[in-house]
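Heads up, the thing below is written out as structure tokens.
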Amino acid sequence: MVTEYEFTLPRGYVDSNGEVHRRGKMRLATAGDEIAATRDPRVLSNPSYLTIAVLAKVITEIEGMTTIVPNIIERFFTADLAFLQDMYQRINDIEPPTMKVVCPKCGEIHEVPINFTREG
């Protein structure tokens with residue numbers, strides 16, 4: 001069973017020395033990861049911070065960096081954050097959100113997945 005996945009960020013994390021870090025690894029999330037993230041004081045005061053807290057737990061490596069902490073995830077470009085959110089959902093088999101739509105030609109109602117990425 002594969003529990004860790006490699007990735008390459010679309011833009012890359014730029015550190016304080018101006019170096020760009022693009023390659024990394026993400027592991028499967030555990031229930032404990034998500035529970036611990038919901039208890040983080042930053043999440044309690046700002047629920048949208050949950051993504052940052054969870055990603056900081058499951059990203060195990062970014063080239064050239066010894067530790068991954070929320071502070072680093074906060075400084076990712078939005079394209080990289082969206083990429084990692086999508087990857088997290090895919091590797092953890094989380095069902096994408098769906099919405100009901102009406103076909104303008106035949107009038108039938110269909111349920112379609114919402115894709116938050118630019119691809120396909």
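Residues: numbered from 1 along the sequence shown.
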Which pairs pass ring-ring contact (aromatic ring centres under 6.0 Å, His included) with one or both residues in residues 55-81, sequence neighbours excluded? Tyr13-Phe76
Taking salt bridge (Lys or Arg N to Asp or Glu O under 4.0 Å) as the definition, give me every residue that meets it alongside Asp80, ordered by chain and number, with sequence neighbours left out. none
State which residues pass side chain to side chain donor-acceptor pair (under 3.5 Å) with [X]; sequence neighbours excluded, sorted by chain then number.
X: Glu6; value: none
X: Ser48; value: Asn46
X: Asn17; value: none

Does anything in residues 37-54 form a salt bridge (charged side-chain N to carboxylate O under 4.0 Å, His left out)? List the pairs, not counting sequence neighbours. Asp40-Arg42
If every non-hydrogen atom of Asn92 is compared with every non-hydrogen atom of Ala29, which pair is closest and at what distance? OD1-N, 3.0 Å
What closest approach, in Å, do Gly12 and Val20 show between heavy atoms, and which atom pair accounts for it? CA-CG1, 3.9 Å
Which residues satisfy the side chain to side chain contact (heavy atoms under 4.5 Å, CB included) test with Leu44, sequence neighbours excluded? none
With sequence neighbours excluded, what pairs up with Thr3 under the side chain to side chain contact (heavy atoms under 4.5 Å, CB included) test? Met1, Leu28
Among residues two or more places apart or on two chains, list those pairs meeting side-chain hydrogen bond (donor to acceptor under 3.5 Å, both in side chains) that have a residue in residues 54-66. Glu4-Thr60
Summary of side-chain hydrogen bond (donor to acceptor under 3.5 Å, both in side chains) pairs that have at least one residue in residues 18-33, sequence neighbours excluded: Asp15-His21, Arg27-Asp33, Thr30-Asp33
Connected hydrophobic set around Ile109, excluding itself, where side chains approach under 4.5 Å: Val102
